[in-house]
Amino acid sequence: MTLIVTGNQKASMTSAPTCIFSSFSTLGCMLHSYKAADASRCLASRRVVFVGDSVTRTLYFQFVHIVDPKLPTTPPQDDRKHTDFSLAADSNVTLDFIWDPFLNTSSTLALINPRDHYVGSSSPQLPALLVVGSGLWYLRYADTSGGLPAWEAMVNEHITAISAGPVKPADTTVFLPVEDVVASKLSPERYNTMRSPDIDAMNSDLYHRIRPSYTGSLWQFSETTEVAPVSFPLVFNQMLDDSQTEDGLHFSDSMIKTQANILLNLRCNNEWPKIPPMDKTCCRGYPWPSAMQFIVLIVIAVWTSISVRLWLQSLCKGGTNSKDHLALAVFGATVCIIYLADRTGLWLKEQKEFSSLAFACLVLSSICIGLLTLHRGDKDLGFLNRDQSDEWKGWMQIAILIYHYFGASKISGIYNPIRVLVAAYLFMTGYGHTTFYLKKADFSFLRIAQVMVRLNLLTLALVYSMNTDYLSYYFTPLVSMWFMVIYATMAIGSQLNHNTPFLVCKILSSMAMFAIFMLQNWPLESLFTVLKQLCNIDWSVREWTFRVTLDQYIVYWGMIREYHLTDHPLWPTLVKIACGCSVLILLCKFTYNSWHPYISFLPITAFIILRNATPILRSSSSRAFAFIGKCSLETFIIQFHFWLAGDTKGVLLVIPGTRWRALNFVLTSFVFIYVSHQVAWASGEITSLICDQREKTLPTSNRDVPGYGPSEQTASGCAEAVRLVGPGEDRSSSREDCPETETPAHSQHWLKNLTRARYQSTIIRAWDYSQVEVKVRIGLAAMFMWIANMLWTNY
């Protein structure tokens, strides 16, 4: 493992810059690809100086071209190669190059030891970045330069001057490693003098002069170690490719440009605002949590510790509430682990790398696992049954996870199907909630609380503990918003929901009003402005509009639910048509986002028809996919920080080293799935605690109570319950016939009514009390979040 040594820095979980690189392609950290605007913002009209030989000069011109693309990438092809250069970018950044392959001219000495020029003076301004490189000329012209001994004396003098001087030569000083050469491509003169063993010895000497006591341990940063305030990017030599050079000494522009980008990461990353997404982890320290964030983390940590203790005590005593304490402990511990993983330097992060072979292998492996765990039920489980929907969510989530891990969003052949899968999730949101309201007719506040708490519990915990934006976890806000839209649509005129024409017209009207609302920018802008002023919530109207409008119609398609479609005479014909349409639709390649809202229902409908074509297909499901489907919400959210990293911008490395990346993937995947499954269970238990689901009976239902139930009609299976009336069914026939008892009719009638009245009165009072209690809890939680928002700062 290679270290970019940065002087006067000690290892820290938060504040110390992370400068651990392991190879060219995967550096053990996440590089930012700097553009002209980024570089200009960092250098801020400052001066940048390069000093050295032709290798340093090549790096200088690539650096210049990043800062200002209008500037040249190579020196002029004339006799001025071995001269100084001074260029000015449009952003007023001055970029100087001093030709000094031996680092011994007066200009170089003045830069490295600025004591006489800067002490007690505010001008001239110190450089923002000083890059010096030398060594090969000492080998090439050993007779006149003094060779290795002279180079060692020069390096020692300069590093001593930098370390002992009262003023640093620049904000960041970089000593370039002596570049490795490709001996087989060198000219005879260079081949005879520039030998790899000498270059290795020079780099080793330079390395140990900068950090004399470093022994190779990543965690050994002794307080007494004296370290030169110099950076040494030894990774530059590891990224060299023999095929990228013609003369064995000067490498291709693309490779040198990457080196220049590393220099910008080294100089600038730690100066960017340390707010999410944390996607610049190379040579950058993690911020200490702000005051409110620190309080949230402390509360979660204390809450977790207390829950663990109570769980252990309850377990020893055989208590019945040990499961509640365990759920709180699991949830809190997971949030703490996620914070350590993605907001500290405990584990490394790397950039995503797309590999078509690895992508295909993972997809095929997942399919094989799904097929090997197929299970067939004993009977036809019906259209879009629970096992099937869990399986559907599971394999879609696996596909989305693989897509995110490889960063395949730029490949249209992968992006388009993934967009359809996200739309399919929202289709199930519309289908599932609409089906519930049609069957249960439960429009109570308790139902809203149960769904909203379950959907948002983990997301809100991460928003405050990770200092992120709620909308960045876009799926949770989307399904939460659509649940409220579905609730409002189904609640209005709910007594007529059994009337199919009325229901369809109501859904279409809701769709039209929502489309008009999203078509106008000012309503959403006004709403977000109010949230900013009243709750200190700063959301992006543009980003939210994009997320919503991309799938704004598919939810309504899901609300137009099925009515025994599989029994329809035209079902076999629909199956054949779906086979052809699904293939054609999924193979289309065009500017997909603009068409997606209008055509995504076609492949989704085709899949549903095909998946439910026969009783065998409807009764079969994959246990592996269903297992993932049951925790799909948690896997989607937790992946942001604990499988991926940098708020999904990179991948997490618990095992350092590029050669262990495959093993790292396997290990983190197993832990990630296990944690997600446990958090899914814990979230459900905590939701039950918050929403008090002990009494699950609807107020119009009869339960087994003394004097009513087992001794009367419920004993014969004829409970007095509100039953949904199907289309075209006579409402008078909705009550099932029940056997008569030996009790006289008139006596039975008044006794039953009296018992029912007393029972329903008790249930309604208990129900109302339960809802009031839930409202108080939700209100207190909202109040605490509002206080936290108003006091929140990012630093």
Side-chain angles (χ1 to χ4, degrees), residues 9-20 28-30 217-219 221 270 274-308 327-351 405 457-469 472-473 634-657 660 664-665 667-679 682-683 794-795:
Q9 294 173 359
K10 300 178 177 62
S12 170
M13 297 291 285
T14 55
S15 59
T18 302
C19 297
I20 300 173
C29 61
M30 296 169 61
S217 171
L218 296 179
W219 301 103
F221 288 83
N270 209 40
K274 294 178 181 179
I275 57 177
M278 305 296 288
D279 58 347
K280 308 174 189 69
T281 64
C282 290
C283 302
R284 187 188 193 196
Y286 284 96
W288 285 99
S290 63
M292 285 304 303
Q293 185 184 4
F294 184 76
I295 292 173
V296 170
L297 291 170
I298 290 296
V299 168
I300 292 175
V302 172
W303 154 29
T304 303
S305 301
I306 295 174
S307 298
V308 170
L328 292 170
V330 167
F331 190 88
T334 300
V335 173
C336 293
I337 292 173
I338 288 174
Y339 177 84
L340 291 175
D342 205 28
R343 288 296 182 266
T344 71
L346 178 62
W347 290 312
L348 302 181
K349 290 88 180 173
E350 283 187 351
Q351 253 140 345
Y405 192 87
L457 185 63
L458 178 60
T459 300
L460 289 176
L462 293 182
V463 164
Y464 289 100
S465 61
M466 305 294 286
N467 190 22
T468 53
D469 183 7
S472 65
Y473 305 94
E634 284 68 31
T635 55
F636 187 89
I637 297 169
I638 293 176
Q639 66 160 329
F640 276 66
H641 309 290
F642 189 76
W643 187 57
L644 303 178
D647 304 279
T648 73
K649 304 301 182 181
V651 296
L652 190 67
L653 291 182
V654 297
I655 306 175
W660 303 112
N664 182 85
F665 170 80
L667 177 61
T668 56
S669 297
F670 275 109
V671 175
F672 164 64
I673 296 299
Y674 175 78
V675 169
S676 299
H677 191 264
Q678 293 300 308
V679 173
S683 298
N794 287 323
Y795 300 99

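What you see is a predicted model; the values in this text were computed from it and never measured.
To the nearest 0.5 Å, atoms SG (Cys282) and CG (Asn270) are separated by 12.0 Å. From Trp643, atom CH2 reaches atom CZ of Phe665 across 5.0 Å, with rounding to the nearest 0.5 Å. Separating the CZ atom in Phe640 from the OG atom in Ser472 is a distance of 6.0 Å, to the nearest 0.5 Å. Rounding to the nearest 0.5 Å gives a distance of 12.0 Å between CD of Gln293 and CH2 of Trp288. In this structure, OG in Ser465 is found 14.0 Å from CZ in Phe294, a value given to the nearest 0.5 Å.
The two residues Ala682 and Ala327 have their closest heavy-atom pair at CB-O, 3.4 Å. Contact record, Gly646 with Asp342: N-OD1, 2.7 Å, taken as the closest heavy-atom pair.
Proximity of Trp303 to Ile300: side-chain heavy atoms (C-beta onward) are separated by under 4.5 Å at one or more points. Within the 4.5 Å cutoff, no side-chain heavy atoms of Tyr286 are placed close to those of Lys274. The shortest distance between side-chain heavy atoms of Leu458 and Ile638 falls below 4.5 Å. Between Lys649 and Pro276 there is no side-chain heavy-atom pair separated by less than 4.5 Å. No side-chain heavy atom of Ser669 sits less than 4.5 Å from a side-chain heavy atom of Tyr405. Side-chain contact between Pro289 and Asn467 is absent, with no heavy atoms from C-beta onward closer than 4.5 Å. At a threshold of 4.5 Å between non-hydrogen side-chain atoms, the residues Lys349 and Asp279 do not count as touching.
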Next on the checklist: Walk me through whether His641 and Asp647 qualify under side chain to side chain contact (heavy atoms under 4.5 Å, CB included).
Outcome noted: CA-CA 6 Å; His641 309 290; Asp647 304 279; 3.0 Å; yes

Checklist entry - Hey, mind stepping through Met466 and Ile338 against side chain to side chain contact (heavy atoms under 4.5 Å, CB included) and telling me if it holds? => result CA-CA 8 Å; Met466 305 294 286; Ile338 288 174; 4.0 Å; yes

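Side-chain atoms of Gln351 do not come within 3.5 Å of backbone N or O of Gly650 as any donor-acceptor pair.
Cysteines Cys283 and Cys29 are not disulfide-linked, with SG atoms at least 2.5 angstrom from each other.
Residues passing the side-chain hydrogen bond (donor to acceptor under 3.5 Å, both in side chains) test with Gln639, sequence neighbours excluded: His404. Checked against ring pair (Phe, Tyr, Trp, His ring centres under 6.0 Å), Phe642 has no partners two or more places apart in sequence or in another chain. Residues satisfying the side-chain contact (heavy atoms from CB on, under 4.5 Å) test with Ser305, not counting sequence neighbours, are none. A search for side-chain hydrogen bond (donor to acceptor under 3.5 Å, both in side chains) contacts involving Thr468 returns Tyr473, not counting sequence neighbours. For Thr459, the side-chain hydrogen bond (donor to acceptor under 3.5 Å, both in side chains) partners two or more places apart in sequence, or in a different chain, are Thr476. With sequence neighbours excluded, the residues satisfying side-chain contact (heavy atoms from CB on, under 4.5 Å) with Val654 are Trp347, Leu652, Asn664, Leu667, Thr668.
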